[in-house]
Amino acid sequence: MMIKYLIIFFAIIVASPLSSLIINYISQLLMPVTAQESYYEYWTFWGGVFIVAIYQVPIYIIVGIPVTLLIDWIIKDTKSNSNEKTYFPQLLLYTLSALALGSYLFLLSNSIESLIVVVIAVYTYFHILFLLRTRFKVVNFLNNKNTNGGEELYKQFLYALFFSMLYLIVWLGVESIQIKIVLGIIGLTFIPNIRRKVYKVPLVIRKSKVALYTSFCFTFLIFILDIQTSITEPNLNFNDVSFITFIFLSSLLGSFIYGIPVSLFSDSITKNVKKYRLHLSFLLHIGFGLITFFFLGPLMVLATLCALLFYLIDEFLRKKRIHSL
C-alpha cells in the first residue's frame, strides 16, 4: 500500500514541472509578440515554468489523488489487472475527468485555454503514473518476484528521478541565489539516510496537519484584514476568490516546503531540553521566519506571522496528544 502512494506522489512531482514546461512552451508559441514582451518583463521562461509547477502540486494532491484512487477502484473490477490491458479504460476515465474539470473552469473563465491546460496536466500525470507503475512491475519481475528487493530498487530509482527533477527546476527556474541555497539544503534532507532520521511518520503527519491549519488561519487573518481595508480604502479591495486562493496556496506551499523541515529541525534540537524547550522552540521558529528576509524581503513579516501560527498550533496539538495518552 505504501509503495502505491509513493508512486502517485512521485508521479505528481514529475508531472508538475513537465506539464508546466509543455503549457508554457505552447503558450509562448501562441502568444503574440507584444504580449510576450510584456509577460517576460516579470518572468523568464523558466521562471514561469517554476511558478506554474509549484502551484500545480497542491492541485494535483487535492484533486488528482482522489480521482486516481477512484479510477483505480473502478479499474480493479475489470477482468485483467494488467496495466497494459487497462491502458485504454484508464485513458478514457482520465479523459472524462479532464473534460469535467476543464469544462467547469471554462464556464468560470470563458476561456478555452483553461480546458487545454487541464487536459495537458491530466494527460501528462496519467502517462507518467502509468509508466512508473509499469516499471515497478518490471522491477519485481526481474527480482524474481521478490517484492521487498523490487521495492527497494524502485525507491532508489524514484529518489534519483526526484532529485534530478528538483535540482533542475530550482537551478533553471529560480534566479535568487538565496532561494536556490535554501531549497537545495531542504532537498538534501530527503536523502534516504537523513530522511529516516528526520522525517518520522507520526511527526510528519502531525506537522502536515499543522501546516494545513496554519494556512487556513493565515488566510482567514488576511481575509479579515482585507475586509477592514475595503472599508477604509475601497480602491484597495482584494476580497475575491482568486486572491484568497492565491494566499492560501502560497501559505500552504511555504508551510510544507519551508515550515515542516524547520519545525522538524526545531524538534530534533529541543527534544532533550526540558525546562526551556518552549522558549527555545519559539526562538527557532521565529528566527527561521526572520531569516526569510534574505530571500523574501519585506514579505518576511508575513512569513514570520506564519511561523508564529505554526509554532502555536504545533504546541497545541502536541499538548492535546500528550493529554490523550
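When a residue number appears, it is its place in the shown sequence, counting from 1. Everything numeric in this text was worked out from a predicted model, so none of it was measured.
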*Test log, rule side-chain contact (heavy atoms from CB on, under 4.5 Å), inputs Ser251 and Thr214*: CA-CA 8 Å; Ser251 59; Thr214 298; over 6 Å; no

*Check step by step if side-chain contact (heavy atoms from CB on, under 4.5 Å) holds for Val67 and Val122.*
CA-CA 11 Å; Val67 170; Val122 171; over 6 Å; no

*Do Leu221 and Ile224 pass the side-chain contact (heavy atoms from CB on, under 4.5 Å) test, and can you show the C-alpha distance, the side-chain angles, and the key distance before you say yes or no?*
CA-CA 5 Å; Leu221 290 176; Ile224 296 299; 5.7 Å; no

_Let's go through Thr304 and Phe293 carefully: what are the C-alpha distance in whole Å and the side-chain angles of both, what is the deciding distance for side-chain contact (heavy atoms from CB on, under 4.5 Å) to 0.1 Å, and is it a yes or a no?_
CA-CA 9 Å; Thr304 305; Phe293 172 79; over 6 Å; no

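In this structure, Ser263 contributes its side chain and Gly259 its backbone to no donor-acceptor pair below 3.5 Å.
In this structure, NZ on Lys207 lies 6.0 Å from CZ on Phe310, to the nearest 0.5 angstrom. Taking CD1 of Ile128 as the reference point, atom CG of Leu18 lies at 5.0 Å (rounded to 0.5 Å). Rounded to the nearest 0.5 Å, atoms CG (Leu69) and CD1 (Ile8) are 5.0 Å apart.
Defined by atom type and a distance below 3.5 Å, a donor-acceptor pair is present between the side-chain atoms of Ser19 and Gln56. Between the side chains of Ser250 and Tyr55, at least one donor-acceptor pair of N or O atoms lies under 3.5 Å. There is no side-chain donor-acceptor pair under 3.5 Å between His127 and Tyr94.
Only one option out of Arg206, His285, Lys319, Lys209 pairs with Asp314 in a side-chain hydrogen bond (donor to acceptor under 3.5 Å, both in side chains); it is Arg206. Partner of Thr68 under the side-chain contact (heavy atoms from CB on, under 4.5 Å) criterion, chosen from Tyr125, Trp73, Tyr60: Tyr125.
Remark: Phe282 engages Ile286, Leu308, Tyr311 in a side chain to side chain contact (heavy atoms under 4.5 Å, CB included) (not counting sequence neighbours).
At a threshold of 4.5 Å between side-chain heavy atoms, the hydrophobic network of Ile, Leu, Val, Met, Phe, Trp and Tyr places Val118 and Leu96 in two separate groups.
Counting heavy atoms from C-beta on, the side chains of Leu105 and Leu115 never come closer than 4.5 Å.
One finds no salt bridge joining Glu315 and Lys320 here, because no Lys/Arg side-chain nitrogen approaches an Asp/Glu carboxylate oxygen to under 4.0 Å.
Using bins of under 30°, 30° to 60° and over 60° for the plane-to-plane angle, the ring pair Phe126/Phe130 lands in the tilted bin. Between Tyr258 and Phe288, the two ring planes are perpendicular [angle over 60°; tilted spans 30° to 60°].
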